[in-house]
Amino acid sequence: MLENLTFGAEHIILLMGGLLIISILAGALSSRVGAPLLLVFLVLGMLLGEEGPGGIEFDDFEAAYTIGSLALAMILFDGGFRTPMSALRLSWKPAGVLATVGVLITAVITGLCAYFVFDFGWFYAFTIGAVVASTDAAAVFLLLHQHGMELRRRVSSTLEVESGVNDPMAIFLTIVLVQVLTQERGVTLLESATIFITHMGLGGVIGVLGGMLLAWAINRLKLASGLYPVFVVAATLVIFGGTQSLHGSGWFAVYLAGIVAGNRRLRASKLIRRFHDGIAWICQIVMFVMLGLLVTPTRLLPDIGEAAVVAFALMFVARPVAVAVSLLPFRFSLREMIFIAWVGLRGAVPIFLAIIPVLGGVEGGLVFFNIAFLVVLASLVLQGWSIPWVARVLGIQVPSRPEAEGRLDIDLPQQLDRDVIGYRVATGSPAAGRLVTALEMPRRARILTVLRDNTVVPREKLLALEAGDVVLTICPPEETFRLDRQFEPRARNGRHREDVRLADFVFPAEITMGSVAQEYGLPVPARDLPLKLGEWMTARLGAGISVGDACRLGECALIVVDVAEHKVRQVGLRLEAGEEAEFGEGFFEHLRQLRHEADATLRRLRERLRVRRALPPPRRTIPAPDVDAAPGANPGADPREP
């Protein structure tokens, strides 16, 4: 008996390890062809399932719900832990509206489409809409960064914060509608409001308090360095489980706890971040492979038609309308709203929510699961695969700021508002071969020491840095990006920062508006001519200014190219700045030509109608006779007439 038990356990351990290795290798291969990683994990799970080559039978919905809950909790905590408070201040209002009003609008419109197209009841159709209404945090966090893209700060932070906080609304709608479908008495509006307030209120309070307590405990406890990340994982599970036990939203709680803890100075913070990065990856792989195992491909076939209609309505009708209504008060540009609408990625959360009707005993509950799974596949294929192309076409992508190669972070006590960072000077970096006194160091950063050929260079002999030198610096956390640019190479992996064209010409922020206006003929008011470019942009755009923000001047636009220490450092000029140029010059040039041809055709039709109906020619204002006109000339004559 014991031998059989041991033999079975070994096989399970071997299977789990093999699945992780196969998933990682498949993900590395998919990155080379640009395929969304989550789609690869999902398809891999299907191939390993009972109808694939793997032949693994797995149909335990309760176990899937429990494992998915834990995995999603860890992913959300990691996402919140990496969200800076500056990004949250910039986007919490639009993201909050999207996460509540936007989810409700999406669910209603999708449900209406399902009701009118298919023979579904009202509540059945709206439950389908609620299940697929929320964007997926794992999909958004991963796919936005998979291709090394850097998006406009307000756009990326809005998408990430929305995906982290919209789950409670979708869960609330799904639970209420499942109760309506399974209870004869139904659920009143007051009961629905109570459920929602309980979910959001308890989740918010416990999340904020839990994050503060977690940060306090980390900085007070003296543990072995390897135990700090383990302590954070345990605290995350306690916050999630405790909130769920009190009928609050555990997912909302852990996301807020991650934000609160991640924006405080923590002991062993670098170790915690790297450990949680690995944990989040494992959770994503486990959750998507497990959901792939749970599905039976042949059972999806009867619901393909319904799923296609729901996916089309969701991506091309419901999500765009919800984004337009939610973001209209927040001065997002049209192209930003189009991008946010398109990147409403669906991932594990809709499949996870589709398990609730199955566990709740709703008649035909597997239909929800099948439709949600097919909608997620369509979203990952169409939206996930096209994100880089859409970002480039809409002009949402900005030059990326990769972490400097060879960078080494050293933890200091949390009371000190400084980071000790080591760099290996890369060949081709701004610091290589440059005098130390000529380095563009941040104001509060200092070089501590320099190692060359395994020897410390005396300060009195340190004149210039050479490629290969190891430089140890001390710098405030908010200025590390500017310090990175001094030591990283101009090109990384064959990609230049100039690959993404923000502007045709770039100027320092200290240049006056008058000099640029005179050189390029910009329509700048006289009162603004003495202002510097950086001052003028800051006055126009206000707080939270970031790379890619733009102000239009006639047919041109001034665009923020570089920001450091919350100040504009470089401003670019784009010579074509209309909405047409923003969406892709070639496409809209073609539209302009079509418009001109249509106008010419309409003019010809009007002329023919005038001739046929014998209408008098249009009135013209006859100018006064020109006294200097040649003798015999008729000033009032039409020059086109012979």
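Counting heavy-atom neighbours within 6.0 Å of M212 CE, excluding the residue itself, gives a total of 12 or less. For F123, the CZ atom counts as loosely surrounded, since its 6.0 Å shell holds 12 or fewer non-hydrogen atoms of other residues, nucleotides or ligands.
Relative to the six-membered ring of Y228, R267 misses at least one condition, a distance below 6.0 Å or an angle of at most 45° to the axis.
Aromatic rings from F77 and F240 are positioned such that their centres are separated by 6.0 Å or more. Within the 6.0 Å centre-distance limit, the rings of F369 and F61 are counted as a close aromatic pair. Centroid-to-centroid, the aromatic rings of F126 and W122 come within less than 6.0 Å. Note: W251 and F352 meet the aromatic proximity criterion, with ring centroids under 6.0 Å apart.
Under the 4.5 Å side-chain criterion, counting only non-hydrogen atoms from C-beta, P229 is in contact with L271. Two residues are said to be in side-chain contact when any heavy atoms from C-beta on lie closer than 4.5 Å; V390 and Q383 fail this criterion. In this structure, the side chains of F330 and V97 come closer than 4.5 Å at one or more pairs of heavy atoms. Side-chain atoms of L291 and F41, non-hydrogen and from C-beta on, never get closer than 4.5 Å to each other. Counting heavy atoms from C-beta outward, V165 and Y255 have side chains that approach closer than 4.5 Å. Side-chain contact between I340 and L98: present, with at least one pair of heavy atoms (C-beta onward) separated by less than 4.5 Å. Between T243 and F252 there is no side-chain heavy-atom pair separated by less than 4.5 Å. Contact of the W342 side chain with the F316 side chain is registered, since non-hydrogen atoms from C-beta on lie closer than 4.5 Å.
When all heavy atoms of A550 and I559 are compared, the closest pair comes out as CB-CG1, 3.8 Å. Shown here for T106 and A322, the closest heavy-atom pair between the two residues is OG1-CB, 3.3 Å. Contact record, P94 with T158: CG-OG1, 4.1 Å, taken as the closest heavy-atom pair. Across all their heavy atoms, A99 and M169 have their closest contact at O-CB, 3.4 Å. Taking all atoms of both residues into account, the shortest heavy-atom contact from L353 to A170 is CD1-CB, 3.8 Å. The nearest pair of heavy atoms linking I279 to M74 is CG2-CE, 3.9 Å.
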Requested in this report: Could you walk me through whether M85 and R264 pass the side chain to side chain contact (heavy atoms under 4.5 Å, CB included) test, one step at a time?
Outcome: CA-CA 10 Å; M85 191 61 68; R264 295 182 174 232; over 6 Å; no
Query raised in the report: Could you walk me through whether D277 and R273 pass the salt bridge (charged side-chain N to carboxylate O under 4.0 Å, His left out) check?
Result: CA-CA 6 Å; D277 185 45; R273 292 179 188 276; over 6 Å; no
Query raised in the report: Hey, mind stepping through V358 and F368 against side chain to side chain contact (heavy atoms under 4.5 Å, CB included) and telling me if it holds?
Result: CA-CA 8 Å; V358 177; F368 295 100; 5.9 Å; no
Report task. Please lay out, stage by stage, how V343 and I387 fare under the test side chain to side chain contact (heavy atoms under 4.5 Å, CB included). Result -> CA-CA 7 Å; V343 189; I387 284 177; 4.0 Å; yes
Requested in this report: Go through the steps to decide whether R154 and E160 satisfy the test salt bridge (charged side-chain N to carboxylate O under 4.0 Å, His left out), and finish with yes or no.
Outcome: CA-CA 10 Å; R154 185 170 68 156; E160 292 183 0; over 6 Å; no
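Distance check: L70 CG to T66 OG1 gives 7.0 Å after rounding to the nearest 0.5 Å. Atom CG of D78 and atom CD1 of I272 lie 12.0 Å apart (nearest 0.5 Å). Of the inter-residue distances, the one linking F339 atom CZ with S156 atom OG reads 9.0 Å to the nearest 0.5 angstrom. The structure places OG1 of T110 at 11.5 Å from CD1 of I371, a figure rounded to the nearest 0.5 Å. Atom OG of S379 and atom CZ of R319 lie 10.0 Å apart (nearest 0.5 Å). In this structure, L334 CG and L394 CG are separated by 9.0 Å, a value rounded to the nearest 0.5 Å.
Counting only distance, with no hydrogens or angles, the side chain of N263 and the backbone of T83 share a donor-acceptor pair below 3.5 Å. Checking side-chain atoms of E336 against main-chain N and O of S333 turns up a donor-acceptor pair under 3.5 Å. Of the possible polar contacts, none joining the R446 side chain to the I474 backbone as a donor-acceptor pair under 3.5 Å is found. Between the side chain of S157 and the backbone N or O of S91 there is no donor-acceptor pair closer than 3.5 Å. Between the R346 side chain and the G344 main chain, a donor and an acceptor come within less than 3.5 Å of each other.
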Pair up each side-chain donor or acceptor in residues 197-209 with any protein partner under 3.5 Å, not counting sequence neighbours, and list the distances.
from: T198; atom 1: OG1; to: T194; atom 2: O; distance (Å): 2.7
from: H199; atom 1: ND1; to: I195; atom 2: O; distance (Å): 3.0

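With sequence neighbours excluded, the residues forming a side-chain contact (heavy atoms from CB on, under 4.5 Å) with V317 are I109, listed by chain and number. Scored by the ring-ring contact (aromatic ring centres under 6.0 Å, His included) test, F231 finds no partners at all (sequence neighbours excluded).
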